[in-house]
Amino acid sequence: MFPLNQWYVAGFVWELQDKPLARTLLNRPVVMFRTESGEVAALEDRCCHRSVPLSCGSLEDGGIRCGYHGLLYAPSGQCIEIPGQVKIPGKACVKAYKVAVRNEIIWLWLGETADSQPVGQPPEIAAHDNPRYKYKGGVFHYDAPYQLIHDNLLDLSHVGYVHTKTIGGNAKTHMEAPTNVTSDGDNVRVVRWMKASQPPATYSAAWPFKGKIDRWQEIDFHVTHLNIFTGAVDADTESLEDPNRGGFHMRGFHGITPETETTSHYFWTMASSSHPDAPDNLELVYQQTAVTFEEDRVIIEAQYRNMCQFENASMIDIHVDAGANRARRIVAMLSQQAEQAA
Amino acid sequence: MFPLNQWYVAGFVWELQDKPLARTLLNRPVVMFRTESGEVAALEDRCCHRSVPLSCGSLEDGGIRCGYHGLLYAPSGQCIEIPGQVKIPGKACVKAYKVAVRNEIIWLWLGETADSQPVGQPPEIAAHDNPRYKYKGGVFHYDAPYQLIHDNLLDLSHVGYVHTKTIGGNAKTHMEAPTNVTSDGDNVRVVRWMKASQPPATYSAAWPFKGKIDRWQEIDFHVTHLNIFTGAVDADTESLEDPNRGGFHMRGFHGITPETETTSHYFWTMASSSHPDAPDNLELVYQQTAVTFEEDRVIIEAQYRNMCQFENASMIDIHVDAGANRARRIVAMLSQQAEQAA
Amino acid sequence: MFPLNQWYVAGFVWELQDKPLARTLLNRPVVMFRTESGEVAALEDRCCHRSVPLSCGSLEDGGIRCGYHGLLYAPSGQCIEIPGQVKIPGKACVKAYKVAVRNEIIWLWLGETADSQPVGQPPEIAAHDNPRYKYKGGVFHYDAPYQLIHDNLLDLSHVGYVHTKTIGGNAKTHMEAPTNVTSDGDNVRVVRWMKASQPPATYSAAWPFKGKIDRWQEIDFHVTHLNIFTGAVDADTESLEDPNRGGFHMRGFHGITPETETTSHYFWTMASSSHPDAPDNLELVYQQTAVTFEEDRVIIEAQYRNMCQFENASMIDIHVDAGANRARRIVAMLSQQAEQAA
């Protein structure tokens, strides 16, 4: 069971072109498409007639038409045409999911019960609409449960060992960085500073630092996504507590949505600031971020395969696990709540 | 369980050359080969010594020789030589299956009980030996249960949605075609007419029609195969009830044999008539038929994967399902009968 | 369950270079590496922190470092560094396996109980260090249980049917060769002679025989490996009972280690003698041996797939099975002993 009274990321608006988009989200096969009026619709991906995926069909003004016998469905999920048949049975319909679009992200609400109404809007991802930043993103598929991705992102001490070619740098500097873990309701915040450290490869390539840097990592965990604000200023030039500080900013959005209990979708964007001397650094930052996240995928999938091999083996905790463990307690509590409501 | 007192298609004679042919039929791994006298033999595909598939062996005058230790089996299944050993134990034998060849099709009889004798000969597929037609065929493998292929062939209303590039044409014309469903014992007949309709791509390419056409589909379902007679004449020139009518004829043979409960073999041929102005249309008809059947395979496999995803989801019936539903009742009854006999 | 109070082959020393080597042995994922002092270490392939395979990490003077958060393990399995953390919990360790190297072979001891001590040294494979021979080898992976490989090697009558292009020759000569099966404790010996026979392709290519040959096969089965001494002299020139006889010698080492109940590792070497007129025949013998063993793999994997298809089908024994059956009784007895000790 997963936490269900949540907005989960289902995709990005740029993925919806002239074809239906199929994606299994929290064990539900869903087909998404743009309606005539430009809204995004999300239906159960199964024609009620003979179970063919609606995503094999085609988009029409009125909705989506099954590619086998032509049943046409409105964005509401109601079948509105059965070719060659006058009467449309009341049962001829499919489940429609609640979706909302904000900052180019498509969010899906399942809810703990059939009639559960979304609690508020999806969260704002401000970096997507902040003129200071440009951003770009992607979708990765993981053969691993989603909480292993939470663990990875809440514990950036791994950066020095796993991402040696991009954002790593000196491994011990990462492991020894002072770390502050706090929480607030269902959210966890981890802040880490690496003052007077060497800039890693990506930072040096994207920003003209003068020498050593004061580097920060601010990780904000929410149940369905994380916002990670990392960056650096030239050492000893600005306070890392100043919310208006300058320097090189990387604002990562990480939407982690279970596909099934053992597989996951990873929807990510990276927004970065640019220096007047390096105005077009976005493509470089994007490419190196993709390399970095691919390195994570390799290690997390290897980790999960090994966890299956060593079923029931106990794990020991070390100092870097505080944030991840706190997040796991929150997810466990909300999952249990969803189970009781079911 | 499947209906068992039936002749099932096991292959075509042209598949048997100088090597054994392995195929799993109704859950039984079978090896087929030509005997010295030109007959077709079908044995359990397993050496009784150490279980190596006999299909990994070689053909000899006397039968088939295992490729591991050289045990030689007669077409009867009896082991007739154990190299290096004088005495051949009585238990050294494998099951032989009853096979019959008719119109270049190899048919296999399993029977509900071990001693069940075939009821009559395999059916005649007359188009294979009718000088009016030329024909050609193929074998497709499906990752889907065999009855989904029955459904597809008994309900040609899908042609307009699935086969847009070949035999489709106007989708609504197909869905609205008057349809007549009758049955006779274990057979179901579906007849559909599309008068004064536009010829679809394959028809126009294969036959010099003058304009609109009167098109027919006559589907004869038998438990293990279907004969589908489709074709057209120039509109208003001949009666679609005249058994001797001319025009463009496509006579399809469709042998549907379960490999397992969830996978199937689809043995098909297409026989077509040719016009004096287009004497060599067989290759075109064959190629476009292969494209058409491949389109069916794609949608049926997607349908089956989705049925597994949405286990236990109910389906609603529409007007086109009458023939397929009647065939399913027949198969259910005969399967039950086989189960009781077992 | 497998026999456990045994030395099993885990690899060859030349497989250990500058990277860790991962291999699952008897259901245990193991990582092997060379220590600073040149010894071979074998650890459970799982970091005790978050279960990432240690084989994804890197080698350092002190041992092996996890590639996720940098925990460093000594060859003893003890964690000796947790970067960024002073205290190392006592539980921070992984299992270390007993290994020994002899004649360039790495052997692993599991033992029936946690504190079981190895019984003696691993066996000597003298041909690896005999100046009369040169040798070379390889590692094959089998999708089949290990005892099917025992069966194959204990019954070389199959050589004439399976290895027609290399060491086969006349199939019936093999099947009719006089065979002597004896046993001594947990070892089985099969000796077969083919006097005045035609040399097979590999023999003719590797040695200048004058005409017919006296050929022998001496198979020594031990629970975890077989030594197979084959070869030939010119017919009627030397006694096959003379331990100092000359001619063409092929001394095969065959370490058969279960990966799991249904998959296996096959570690092999082939040592051969050379004639003054053909001093460099090793590469030819090696290449043709690899072809030969690949042929075995194909047939044994087909056999195993078929055994799964025909679950519970009984097998009949023939004259060639005496050695293999005796070996199976020994393995069954030792497996049962391991089960009782567990």
Side-chain angles (χ1 to χ4, degrees), chain A residues 144-145 147-165 168-179 190 192-194 197 295-325 328, chain C residues 19-31 43-60 62-73 77-97 258-263:
Chain A
Q147 289 192 274
L148 293 181
I149 312 178
H150 292 172
D151 293 348
N152 175 275
L153 293 170
L154 276 157
D155 158 28
L156 294 187
S157 69
H158 75 268
V159 162
Y161 291 106
V162 179
H163 308 307
T164 53
K165 287 167 292 185
N170 184 290
K172 298 232 161 130
T173 305
H174 284 278
M175 295 302 289
E176 291 164 0
T179 300
V190 178
R192 310 175 75 239
W193 287 354
M194 284 160 284
S197 59
E295 288 168 339
D296 282 326
R297 197 181 62 77
V298 168
I299 208 146
I300 289 171
E301 292 187 348
Q303 176 188 23
Y304 181 58
R305 283 194 302 274
N306 223 32
M307 288 171 67
C308 294
Q309 280 274 356
F310 288 93
E311 220 185 330
N312 304 322
S314 62
M315 296 182 187
I316 66 155
D317 284 347
I318 66 170
H319 66 110
V320 301
D321 301 316
N325 287 349
R328 281 190 171 262
Chain C
K19 283 184 188 161
L21 173 66
R23 191 163 273 153
T24 294
L25 301 162
L26 298 96
N27 289 321
R28 284 112 173 134
V30 173
V31 57
L43 302 181
E44 188 176 64
D45 192 11
R46 170 188 174 271
C47 180
C48 65
H49 171 223
R50 283 295 176 267
S51 291
V52 168
L54 292 178
S55 53
C56 297
S58 54
L59 298 183
E60 297 196 7
I64 187 165
R65 190 180 288 282
C66 179
Y68 203 1
H69 299 90
L71 279 71
L72 180 66
Y73 293 87
Q78 188 59 50
C79 176
I80 51 176
E81 185 192 356
I82 300 177
Q85 178 169 325
V86 175
K87 188 171 156 35
I88 298 173
K91 287 189 299 180
C93 62
V94 297
K95 194 171 166 43
Y97 293 104
E259 181 183 55
T260 66
E261 274 74 14
T262 59
T263 58

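Predicted, not measured: the structure shown is a model, and the values here were computed from it. Numbers restart at 1 for each chain; the letters A, B, ... are given by sequence-line order, proteins then strands.
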Per-residue contact mode, [X] against chain C (heavy atom under 4.5 angstrom):
X: A:T164; result: neither
X: A:V320; result: side chain
X: A:N152; result: both
X: A:A171; result: neither

Shortest non-hydrogen contact from [X] to [Y]?
X: C:L71; Y: A:I318; answer: CD1-CD1, 4.0 Å
X: A:A302; Y: C:P53; answer: O-CD, 3.7 Å
X: A:Y161; Y: C:G67; answer: CB-O, 3.6 Å

Interatomic distance, C:T24 atom OG1 to A:Q309 atom CD [nearest 0.5 angstrom]: 5.0 Å

Any chance you could measure A:Q303, atom CD, to C:H49, atom NE2, to the nearest 0.5 Å? 9.0 Å

Whether the side chain of C:R50 engages the backbone of A:I316 through a donor-acceptor N/O pair (distance < 3.5 Å, no angle test) should be reported. yes

If you count heavy-atom pairs under 4.5 Å between each of C:C66, C:A92, C:S51 and chain A, which one has the most? C:S51

May I have the list of side-chain donor-acceptor pairs in residues 79-87 of chain C shorter than 3.5 Å, sequence neighbours left out?
unit_1	atom_1	unit_2	atom_2	d
C:E81	OE1	C:R65	NH1	3.2
C:E81	OE1	C:R65	NH2	2.9
C:E81	OE2	A:K172	NZ	2.8
C:Q85	OE1	A:H319	N	2.8
C:Q85	NE2	C:K87	O	2.9

Under the ring-ring contact (aromatic ring centres under 6.0 Å, His included) rule, collect the residues that match up with A:H158, sequence neighbours excluded. A:H163, C:Y68

Between C:R46 and A:M315, is there a side-chain heavy-atom distance shorter than 4.5 Å? yes

C:C48 versus chain A, heavy atoms under 4.5 Å apart: side chain, backbone, both or neither? both

If you count heavy-atom pairs within less than 4.5 Å of chain C, which of A:L148, A:I300, A:D155 leads?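 Heavy-atom pair counts peak at A:D155.
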
